[in-house]
Amino acid sequence: MAVENAVASSSSGVAFLVSAGVVYEIIAANCSSPQTAEINASKRASTLMKWVHLGAVQSVFFVVVAAAVDPKRAAPILAGGALAMGIMYGSYFYAKSAGLSSNAPPTETW
């Protein structure tokens, strides 16, 4: 019984990490990095955030599908996705805010 509980716990942990990883991967696939966003926010903030939002929508879709396919592990799947979503949104919103308030030169020329 103890072994079964350990396996269930490790499976839940893996499901949590996979769900979180999917959110990070999908948003990263649609955007550059928060660092690049901050550096070039003066010209790219609106298009950057558009892609963050689109990545978030895609992430929600995949996380919800994963939870539906594996209802036994739905809680860690949803928790991992939600935590990663919050962290990534926070990172990009902070990057946008810091970049728009910075006088540092961008890395791109227009």
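For residues 85-96, no residue pair satisfies the salt bridge (charged side-chain N to carboxylate O under 4.0 Å, His left out) rule, not counting sequence neighbours. Residue pairs meeting the ring pair (Phe, Tyr, Trp, His ring centres under 6.0 Å) criterion with at least one partner in residues 64-84, sequence neighbours excluded, are absent. Every pair passing salt bridge (charged side-chain N to carboxylate O under 4.0 Å, His left out) that includes a residue from residues 48-71 is listed here, sequence neighbours excluded: Asp70-Arg73. Screening residues 74-85 for side-chain hydrogen bond (donor to acceptor under 3.5 Å, both in side chains) gives no qualifying pairs among residues at least two apart or on separate chains.
Here CD of Gln35 is found 12.5 Å from OG of Ser91. Values are rounded to the nearest 0.5 Å.
Taking the side-chain hydrogen bond (donor to acceptor under 3.5 Å, both in side chains) definition, one finds that Ser33 meets it with Thr36, sequence neighbours left out. Phe62 pairs by the side-chain contact (heavy atoms from CB on, under 4.5 Å) definition with Val22, Ile26, not counting sequence neighbours. Partners of Glu25 according to the side-chain hydrogen bond (donor to acceptor under 3.5 Å, both in side chains) rule, which considers only residues two or more places apart in sequence or in another chain, do not exist here. For Ala82, there are no side-chain contact (heavy atoms from CB on, under 4.5 Å) partners two or more places apart in sequence or in a different chain.
For Ser19 (side chain) and Gly80 (main-chain N/O), no donor-acceptor pair under 3.5 Å exists by modelled atom type. With hydrogens and angles disregarded, no donor-acceptor distance shorter than 3.5 Å links the side chain of Ser102 to the backbone of Ala98. Between the side chain of Thr47 and the main chain of Arg44, a donor-acceptor pair closer than 3.5 Å is present.
Inter-residue side-chain proximity for Phe61 and Val57 is flagged as unmet; no heavy-atom pair is nearer than 4.5 Å.
Closest approach of Ala37 to Ala95, counting heavy atoms only: CB-CB, 4.1 Å.
Counting side-chain heavy-atom gaps under 4.5 Å among Ile, Leu, Val, Met, Phe, Trp and Tyr, the cluster of Tyr24 also holds Phe16, Leu17, Val23, Ile27, Leu48, Met49, Val52, Val60, Val63, Val64, Ile77, Leu78, Leu83, Met85, Ile87, Met88, Tyr89, Tyr92, Phe93.
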